[in-house]
Amino acid sequence: MTTPAATARRAGRREWTAFCVLLLPLLLVSMDVSVLYFAVPAITEQLDPSSTQQLWIFDSYAFALSGLLITMGSLGDRIGRRKLLLIGASAFGLASIGAGFATSAELLIAARVLLGIGGATLMPSTLALVRNLFQDDRQRGQAIAIWSGAMTGGIALGSVLSGVMLNHWYWGSVFLINVPAMLLLLILVPVLVPEFKDPAPGRFDLLGVPLSMAAVLPVVYGLKEIAAEGFEPAYVGCIAVGLAFGHLFVRRQRTRDDAMVSRELFRGRGFGAGIGLNTVAAFAMMGSAYFITQYLQSVLGMGTLEAALWSLAPSVVIGAAAPVGAALALKTDRAHVIAGGFVLAAAGFALLGLVGTDSLWLLLVGAGLLASGIVTVMSLVSDLALSSAPAEKAGTAASLLETGQEFGGALGMALLGSLGTTVYRSDLTDSEPAVRETLGGAVATAHQVGGAAGEQVLALAREAFVHGMQYAAWGGTALLLGAAVLAATLMRGIEAPAPPAAEPAAGDGARVHEATYN
C-alpha cells in the first residue's frame, strides 16, 4: 500500500523514455486508419474483392476498434494495463503478418478485424499508462499534449507512408511495417514500463461486453453509412437500435457495484464535461477532413500521394499547438484556454468557408488553424478527464474518451458530409444522376465525355462541391463557437484534483499500482 505524499513525484529520464516507447503503438494504430488509401488499387487487382468486400476491408478495422474500446479499457484496469498492452501488441503484430500475406479478400477482412481488436487494447492502455507514469500536473499535461499531436499526425502520416512504400514494395508491406515496431515494443515495455492495475476491481461484467458492443457498433455503422449514402430509414434505424442498447447498458452500469464503467468516474465535474467537449472536437476534426481530402484530389486535381503530402503541411503548426496550450493552462484558468482552442478552430472553419475552387493556401491555413485549435482542446480535456478519474480506473476513463472520439468523428462526417452533399445536389438538379450523386462520379463522367463539354461538367461539379463545403464550414464554425461558450461556462474553475496518495513511479522499479482512496 502507498503512503500519502504532499507532492507528486516528478518523472525522470526513465519515465520519459517509457513514454516514447508508448508512442509506438499509438502511431501504428492511428496510421492504420489511413494506411489503405493508396493500397486499394493493388489489393483490388490481386485479391479481386467485391464492392461489399472492399468496403469491409476498410471498415472492419474501425468497427472492431470502436466496439471493443470500453471492454478493453475495463479489462486493462483488472488484469493490468501493461499486460494488456503486451497482449495487444502480440495480437497486432500477428494480425499484421496475416494481413500482409493475405491471399483472399476474406482473409484480409479477418486480419483487419484482428488488427482492430489489437488496436482496441493498445489505445486505452497507452493513454492510461501515461496517466500513471506522470503524476506532476505540468509533466502530465505536456505528455498528453504530445500524445494528442502524435495521434493526429499518425492519421496523416499513414497515407503518406503507404504511398511511399507502395512505390518500392508490394501492397502487403503497408501492414508488415507494424511487425518490427511491435517486436521492439514487446522487448522494451517490460523493461521500462511498470505495471498498474486496480487492486480491487470486482468481478468482470461479462454481460456488459455484448451490451456495450450492441450500443456502439450500430450507431457507428449508421453514422458511417449516412455519411456515404445519405439519410436512409435503415441507417437511422441502426442508430436507434444502438441508442436503445446504450440505454440498457447505462442502466446496468448504474445498478452494479462492479460495473464495467464505474460511477466514480462521473463524480467530478471535469470528467463528463471533458468527454463531451472531446467528442465535439473529434466531430470538427473528422468533419473537416471529409472535405479537405476530396478538395485536394477532386477539386484541385492532385494525385493521391501529392494530396497526402500537402495534407501534412498543417502538421507544422499542430506540433506546437498542444504544448503551448498545456503551458497556458498552468498559468490561467484552463476553461479559457479550452474556449480559446475552440475559437481558434472556429476561425479555421470560417476560412474554409471562404475557399474557392482554386484556394490551396487558404485551405491549408484554415486547416492548420482548425487542427491546432482542436488538438489543443483534445489534449487539455483529455488531461482533465484522466486526472479527475481515480488512478485505478484510468483504463476505463481512457476508453470512454476514445469511444467519444469515435462517435464524434463518425457524427462529424455524417452530419457535415450530409449538409455538403445536400447543397451539392441542389446545385446540380439538372445534371445527370452520376454527376449529381458525388463529386467523384462527376469527375469520372467528365473524363468519359472529354473535351469542352467534359470541362464544363467538371467546373460545375467543382463549384457545387465548394458551395456545399462552404455551408458545412459555416455550420462547423457555429458549432465550435457554441462549444467555446459551453467550455468557458461549464469548465470554469475546474482543475484536476490532487491525488490523495502517491503513485509508484517507473524510476522506483514499481510493479503494481495499489492506491488507497479515502
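For this chain, numbers begin at 1 and follow the sequence in order. Both backbone and side-chain heavy atoms feed into the values below; hydrogens, waters and symmetry mates do not.
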Visitor: Under the side chain to side chain contact (heavy atoms under 4.5 Å, CB included) criterion, do I87 and K83 qualify, and how do the steps go?
Guide: CA-CA 6 Å; I87 293 172; K83 181 183 292 185; 4.1 Å; yes

Visitor: Do L211 and R251 come close enough that some side-chain heavy atom pair is under 4.5 Å?
Guide: no

Visitor: Taking the side chain as every heavy atom from C-beta outward, state whether F92 and L122 have any pair of such atoms under 4.5 Å apart.
Guide: yes

Visitor: Does F342 have any ring-ring contact (aromatic ring centres under 6.0 Å, His included) partners at least two apart in sequence or in another chain, and if so, which?
Guide: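 F342: no ring-ring contact (aromatic ring centres under 6.0 Å, His included) contacts found.
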
Visitor: Hey, are the side chains of P124 and E402 touching, using non-hydrogen atoms and a 4.5 Å cut-off?
Guide: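 Yes, close enough: below the 4.5 Å cut-off.
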
Visitor: Please tabulate, for the side chains in residues 238-250, all donor-acceptor contacts under 3.5 angstrom to protein atoms that are two or more places apart in sequence or on a different chain.
Guide:
none

Visitor: If you compare all heavy atoms of S288 against all heavy atoms of L352, which two are closest, and at what distance to 0.1 Å?
Guide: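 Reported closest heavy-atom pair: CB-CD1, 4.4 Å.
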
Visitor: Can you measure from CH2 (W16) to CG (L192) and round to the nearest 0.5 angstrom?
Guide: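 Nearest 0.5 Å value for the CH2-CG distance: 14.5 Å.
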
Visitor: Return the CZ to CG distance between F291 and L363, rounded to the nearest 0.5 Å.
Guide: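 Rounded to the nearest 0.5 Å, the CZ-CG separation comes out at 12.0 Å.
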
Visitor: Check V280, V377, V375 against M285 for a side-chain contact (heavy atoms from CB on, under 4.5 Å) and give me the one that passes.
Guide: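 Only one option passes, and that is V375.
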
Visitor: For residues P194 and L129, report the shortest heavy-atom separation together with the two atoms involved.
Guide: O-CD2, 4.1 Å

Visitor: Taking all non-hydrogen atoms of both residues into account, name the closest pair between A484 and V343 and its distance.
Guide: CB-CG2, 3.8 Å

Visitor: Would you please name every residue forming a side chain to side chain contact (heavy atoms under 4.5 Å, CB included) with L114, sequence neighbours left out?
Guide: A95, I117

Visitor: Can you sort out the partners of T403 under side chain to side chain donor-acceptor pair (under 3.5 Å), two or more places apart, ordered by chain and number?
Guide: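 With neighbours one apart ignored, the set is empty.
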
Visitor: Taking side chain as C-beta onward, heavy atoms only, is L133 less than 4.5 Å from L22?
Guide: yes

Visitor: For L84 versus S125, what's the shortest heavy-atom pair and its separation?
Guide: CD2-OG, 3.6 Å

Visitor: Report the distance from atom OG of S399 to atom CG of L127, rounding to the nearest 0.5 Å.
Guide: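 Rounded to the nearest 0.5 Å, the OG-CG separation comes out at 10.0 Å.
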
Visitor: Can you tell me how far CE of M469 sits from CD1 of I292, rounded to the nearest 0.5 angstrom?
Guide: 6.0 Å

Visitor: Can you sort out the partners of Q405 under side chain to side chain donor-acceptor pair (under 3.5 Å), two or more places apart, ordered by chain and number?
Guide: N278

Visitor: Give me the atom names and distance for the closest heavy-atom approach of A120 to A64.
Guide: CB-O, 4.4 Å

Visitor: Tell me every residue that passes side chain to side chain contact (heavy atoms under 4.5 Å, CB included) with T477, counting only those two or more places apart in sequence or in another chain.
Guide: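 Testing T477 for side chain to side chain contact (heavy atoms under 4.5 Å, CB included), a comparison that skips the adjacent residues, returns A346, F349, A350, L481.
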
Visitor: Could you check if a side-chain atom of I146 sits within less than 4.5 angstrom of a side-chain atom of L23, using non-hydrogen atoms only?
Guide: yes

Visitor: Using the test side chain to side chain contact (heavy atoms under 4.5 Å, CB included), find all partners of L217 that sit at least two apart in sequence or belong to another chain.
Guide: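 Once residues adjacent in sequence are excluded, the partners of L217 under the side chain to side chain contact (heavy atoms under 4.5 Å, CB included) criterion are F63, S66, M213.
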
Visitor: Where is the tightest heavy-atom contact between G287 and L416, given as atom of each residue plus distance?
Guide: CA-CD1, 3.9 Å

Visitor: Among pairs that include at least one residue of residues 85-94, which meet side-chain hydrogen bond (donor to acceptor under 3.5 Å, both in side chains), considering only residues two or more places apart or in two chains?
Guide: none

Visitor: Using a 4.5 Å cut-off on heavy atoms from C-beta on, say whether the side chain of I144 contacts that of F134.
Guide: no

Visitor: Is the backbone N or O of T376 less than 3.5 Å from a side-chain atom of S379, with the two atoms forming a donor-acceptor pair by type?
Guide: yes

Visitor: What distance separates L65 CG from T121 OG1, expressed to the nearest 0.5 Å?
Guide: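 L65 CG to T121 OG1: 9.5 Å, rounded to 0.5 Å.
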
Visitor: Using 0.5 Å steps for rounding, measure from the CG atom of L419 to the CG atom of L415.
Guide: 9.0 Å

Visitor: Could you pull out all residues at least two apart from L369 that satisfy side chain to side chain contact (heavy atoms under 4.5 Å, CB included)?
Guide: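 L369 satisfies side chain to side chain contact (heavy atoms under 4.5 Å, CB included) with L344, L351, V365 once adjacent residues are dropped.
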
Visitor: Are the side chains of L115 and R112 in contact, using a 4.5 Å heavy-atom criterion?
Guide: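 Counting from C-beta outward, R112 and L115 do come under 4.5 Å.
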
